[in-house]
Number of protein chains: 2
Amino acid sequence: MKPKLTLKQIARELDVSVSTVSKALRDKTEISEDTRQKIKAFAKLYNYRPNNIALSLKNRKTRTIGILIPEIVHHFYATVIAGIEKVAHEQGYNVIICVSNNSFDHEVMNLEMLAGGSTDGFIVAVAKETQQRGDYHHLKEVIHQGMPMVLFDRIVEEVECDKVIIDDEEGACMAVKHLLERGCRRIGIITTVDYVSVGKLRTQGYRKALESCGIPVDEQLVLKIEDMDRSEEQIAQFLREQKMDGIFGVNEEFSTSAIRALHKMGVKVPDQVRVVSFSDGSLSARFIPSLTTINQHGAEMGEKAANLLINRLEADPGEEEPYKTQMIHTSLVERESSL
Amino acid sequence: MKPKLTLKQIARELDVSVSTVSKALRDKTEISEDTRQKIKAFAKLYNYRPNNIALSLKNRKTRTIGILIPEIVHHFYATVIAGIEKVAHEQGYNVIICVSNNSFDHEVMNLEMLAGGSTDGFIVAVAKETQQRGDYHHLKEVIHQGMPMVLFDRIVEEVECDKVIIDDEEGACMAVKHLLERGCRRIGIITTVDYVSVGKLRTQGYRKALESCGIPVDEQLVLKIEDMDRSEEQIAQFLREQKMDGIFGVNEEFSTSAIRALHKMGVKVPDQVRVVSFSDGSLSARFIPSLTTINQHGAEMGEKAANLLINRLEADPGEEEPYKTQMIHTSLVERESSL
DNA sequence: TTGTAAGCGTTATCAA
DNA sequence: TTGATAACGCTTACAA
């Protein structure tokens with residue numbers, strides 16, 4: 001590793017003082033045109049780049065936002081990130097991303113690192129394992145230390161900070177109502193266990209939609225997937241055992257697994273069973289049949305989250321507002337699977 | 001933003017010197033058991049966290065690896081990242097990820113930021129727009145400044161650094177030979193324009209496989225997609241106009257679009273047309289029919305890249321080895337689409 | 001117009 | 001056993 005060019009070296013080389021170099025490079029008029037040109041030329045020639053680390057230390061600001069997400073293979077998170085980056089770049093912030101891989105330990109590690117000076121604040125979706133454990137001390141600690149945090153998607157009620165969430169219940173409700181309108185009467189749901197907050201809310205929306213239409217919830221039609229690795233077979237079994245004319249999957253994985261299983265059973269989608277899915281991927285439009293989905297507007301979510309965070313970062317001390325939770329509305333995209 | 005707890009404040013609070021605090025917290029035996037306990041208790045109570053920025057400045061090392069990728073919605077990149085993280089964490093490095101969104105400007109910006117002190121080195125897959133422009137000055141500059149870089153996947157020949165690439169040609173060759181073995185004789189390829197290096201190599205592999213079996217390449221059967229937004233219709237048209245019994249898609253997107261189009265035309269896969277795809281996603285196993293793919297071993301790629309980088313980072317100055325290019329081999333995963 | 005010095009948070013060296 | 005000081009690279013008040 002070659003040592004990098006510093007102001008000091010430039011100063012020594014050109015026989016001026018460090019501060020002269022600093023000022024010249026920042027176009028201060030107090031430095032004579034002459035020296036300024038000389039210094040800038042030299043810096044350009046040797047490709048001087050100011051050391052952000054030193055700047056951060058000096059300013060006690062990094063102008064960097066840290067994003068911490070559970071998984072990276074997620075179209076939904078990708079769109080959220082795009083939204084965050086858009087706002088961040090507009091406001092002169094950089095963005096770095098860390099991935100917890102849904103592991104509690106990774107999450108803690110990454111948060112520690114980011115909190116250790118790399119970023120001014122966080123935008124976080126907590127890991128599944130963290131939600132399962134219910135151990136949020138790392139989040140609270142970091143906030144307590146004065147680093148602003150915005151939780152999104154996989155949020156935690158008991159952590160006090162700004163939050164942005166999808167209106168999961170509303171979305172699920174919309175999905176199920178759509179199936180009802182299409183004439184489905186025995187509608188099943190394939191969802192996650194309840195400690196995953198979004199799964200829980202989507203299940204609630206499912207119940208609400210049915211109840212609002214006077215249809216009692218048949219618990220036999222509620223499948224909660226515990227173990228993702230065994231989801232395929234669980235779903236297949238569920239479909240074999242229960243007779244349904246509509247299925248609501250809380251994510252694309254579950255929904256496509258269901259269609260696959262139905263396909264194997266010789267059951268036609270949408271002719272015999274209609275399917276609506278919550279969408280977190282680009283798979284929906286591509287699948288055969290293409291999936292009717294509840295669309296999550298990830299970019300909007302990212303933009304809101306970034307704005308919330310930047311507002312905190314730039315708020316004058318003392319005039320902080322109370323924490324907000326913003327809802328992002330979903331929308332129904334009709335495709336082949338529910339025709 | 002609350003100011004964070006520093007050594008200085010602890011020192012003032014406990015009426016000792018900064019250096020005593022520093023030493024106590026790092027368990028130096030020169031500090032008496034007594035003071036040490038006192039200081040550590042205080043630090044723990046108020047949740048002291050050393051400022052990494054200051055440490056980085058002091059050590060001129062961040063122990064952080066920067067990854068710069070074109071897109072984040074990519075299963076393949078996700079697996080590479082996982083591989084990098086594995087090795088990095090084992091060696092005590094952190095990882096931060098930046099996304100160029102395939103934009104040249106984003107790539108330059110992100111690289112500048114990372115080069116500005118946030119990381120010790122890079123692992124980069126260049127943006128499509130960058131490959132198109134052929135402008136690599138930002139990469140060269142950063143390397144010239146002494147920051148080690150490893151290019152992977154979307155590499156650039158003319159940039160001198162370590163590289164890790166998939167053996168795309170071999171993989172493509174394997175795919176086409178598989179189709180030939182299954183009896184296909186009119187095999188089409190759906191690929192990218194040639195400035196995308198992987199597309200080019202895969203096209204070469206396609207030609208090589210055919211030629212090695214004495215089958216002349218029919219240029220009518222080579223579809224180069226220019227504009228991703230119009231890929232669907234281009235592919236549909238291609239399939240309507242050309243008669244084929246085998247199709248090789250250089251990515252899942254192309255392959256699934258093809259199957260979709262065939263499905264609409266009433267052509268059965270694999271009965272009438274067999275399909276093999278290069279795989280960069282989790283879609284393959286899930287699709288109906290599931291896709292026979294050339295698997296890319298992203299994790300292995302990530303591990304190799306991380307090892308190359310860390311070797312550079314920890315090499316004693318003067319004893320640097322010449323730059324290496326490592327090949328990652330692919331493997332064929334047979335599924336329904338080529339049965 | 002240029003330079004000196006202090007400070008950001010930390011650690012290493014040396015002195016007390 | 002503890003503390004003062006310098007240094008990492010940079011900016012900025014202030015002095016020259």
Side-chain angles (χ1 to χ4, degrees), chain A residues 1-40 43 46-64 113 115-120 145-147, chain B residues 1-40 42-43 46-63 113 115-120 145-147:
Chain A
M1 271 267 285
K2 230 188 325 189
K4 296 215 285 176
L5 185 60
T6 67
L7 290 188
K8 203 200 254 187
Q9 289 171 54
I10 301 183
R12 202 183 312 133
E13 219 54 56
L14 297 181
D15 215 40
V16 289
S17 79
V18 175
S19 60
T20 305
V21 178
S22 169
K23 286 171 191 160
L25 291 177
R26 316 181 68 245
D27 272 328
K28 300 273 181 197
T29 45
E30 55 187 285
I31 304 297
S32 72
E33 185 61 23
D34 232 36
T35 9
R36 223 190 316 159
Q37 289 315 324
K38 189 176 64 179
I39 291 172
K40 293 185 85 167
Y46 290 101
N47 231 295
Y48 168 75
R49 218 185 284 286
N51 183 329
N52 287 334
I53 292 277
L55 287 178
S56 299
L57 185 59
K58 181 123 196 57
N59 305 328
R60 279 110 124 257
K61 284 232 153 85
T62 60
R63 288 201 85 80
T64 299
M113 175 196 53
S118 328
T119 58
D120 295 341
Q145 236 116 99
M147 304 215 50
Chain B
M1 272 267 285
K2 232 191 318 191
K4 297 216 285 177
L5 186 59
T6 67
L7 289 187
K8 203 199 253 189
Q9 288 171 55
I10 301 183
R12 201 183 312 132
E13 217 55 55
L14 297 181
D15 214 41
V16 289
S17 78
V18 175
S19 53
T20 305
V21 178
S22 170
K23 287 170 189 159
L25 290 178
R26 302 188 317 121
D27 272 328
K28 300 273 181 198
T29 45
E30 54 186 286
I31 303 298
S32 71
E33 184 62 22
D34 233 35
T35 7
R36 223 192 313 159
Q37 289 315 323
K38 190 176 62 177
I39 291 172
K40 292 184 85 166
F42 186 94
Y46 291 100
N47 231 294
Y48 168 75
R49 217 185 285 285
N51 183 329
N52 286 335
I53 293 278
L55 286 177
S56 299
L57 183 59
K58 182 127 194 55
N59 303 330
R60 279 107 124 256
K61 282 231 155 82
T62 61
R63 289 200 85 78
M113 175 195 54
S118 328
T119 57
D120 295 341
Q145 235 116 100
M147 304 215 50

Inset, instruction - Return the nearest nucleotide to the side chain of B/T20; candidates are C/dG3, D/dG3, D/dT11. - result: D/dG3
Inset, instruction - Report the nucleotide, chosen from D/dC10, C/dT11, D/dG9, that has the shortest atom-to-atom distance to any side-chain atom of B/L57. - result: D/dG9
Inset, instruction - Remember a base hit wins even if backbone is also touched, and classify B/T35 as base, sugar-phosphate or nothing at under 4.0 Å, heavy atoms. - result: sugar-phosphate
Inset, instruction - Ignoring the backbone of A/S17, work out which of D/dT2, C/dT10, C/dT4 is nearest its side chain. - result: C/dT4
Inset, instruction - Return the nearest nucleotide to the side chain of A/N51; candidates are C/dT1, D/dC10, C/dT11. - result: D/dC10
Legend entry - Whether A/T62 side chain and A/D120 backbone form a donor-acceptor pair below 3.5 Å: yes
Inset, instruction - Measure the distance from CG on B/D27 to P on C/dA12 and round it to the nearest whole Å. - result: 14 Å
Inset, instruction - Remember a base hit wins even if backbone is also touched, and classify A/K8 as base, sugar-phosphate or nothing at under 4.0 Å, heavy atoms. - result: sugar-phosphate
Inset, instruction - Consider the side chain of B/R60, meaning its heavy atoms from C-beta on, and name the nucleotide among D/dC8, C/dG3, D/dT5 that approaches it most closely. - result: D/dC8
Legend entry - A/I39 CD1 to A/T20 OG1 distance, which is reported to the nearest 0.5 Å: 6.0 Å
Inset, instruction - Select one nucleotide: of C/dA12, C/dT11, D/dT11, the one nearest the side-chain heavy atoms of B/V18. - result: C/dT11
Legend entry - Side-chain donor/acceptor contact of B/K23 with base of D/dG3 under 3.5 Å: yes
Inset, instruction - Kindly point out which of C/dT10, D/dT11, D/dG3 is positioned nearest to the side chain of B/E30? - result: D/dG3
Inset, instruction - For the side chain of B/K58, starting at C-beta, report the closest nucleotide among C/dT11, D/dT2, D/dC10. - result: C/dT11
Inset, instruction - Using a 4.0 Å heavy-atom cut-off across all strands, classify B/T6 as base, sugar-phosphate, or nothing. - result: sugar-phosphate
Legend entry - Phosphate-side-chain proximity, B/R26 and C/dT10, N/O vs OP1/OP2 below 4.0 Å: no
Inset, instruction - Take the protein atom CG of B/N59 and the nucleotide atom P of D/dG9, then report the distance between them rounded to whole Å. - result: 12 Å
Legend entry - Minimum-distance nucleotide to A/A54 side chain [options: D/dT1, D/dC10, C/dT10]: D/dC10
Inset, instruction - Please examine the side chains of A/R63 and A/N52, heavy atoms only from C-beta on, and report whether any two atoms are closer than 4.5 Å. - result: no
Legend entry - Phosphate OP1/OP2 of D/dT11 contacted by A/S22 side-chain N/O (<4.0 Å): yes
Legend entry - A/N59 (side chain) donor-acceptor with A/K61 (main chain) under 3.5 angstrom: no
Legend entry - Side-chain donor or acceptor of B/S118 paired with backbone N/O of B/M113 under 3.5 Å: yes
Inset, instruction - Identify whether any heavy atom of B/S32 sits under 4.0 Å from a base atom; if not, whether one sits that close to sugar-phosphate; answer base, sugar-phosphate or nothing. - result: sugar-phosphate
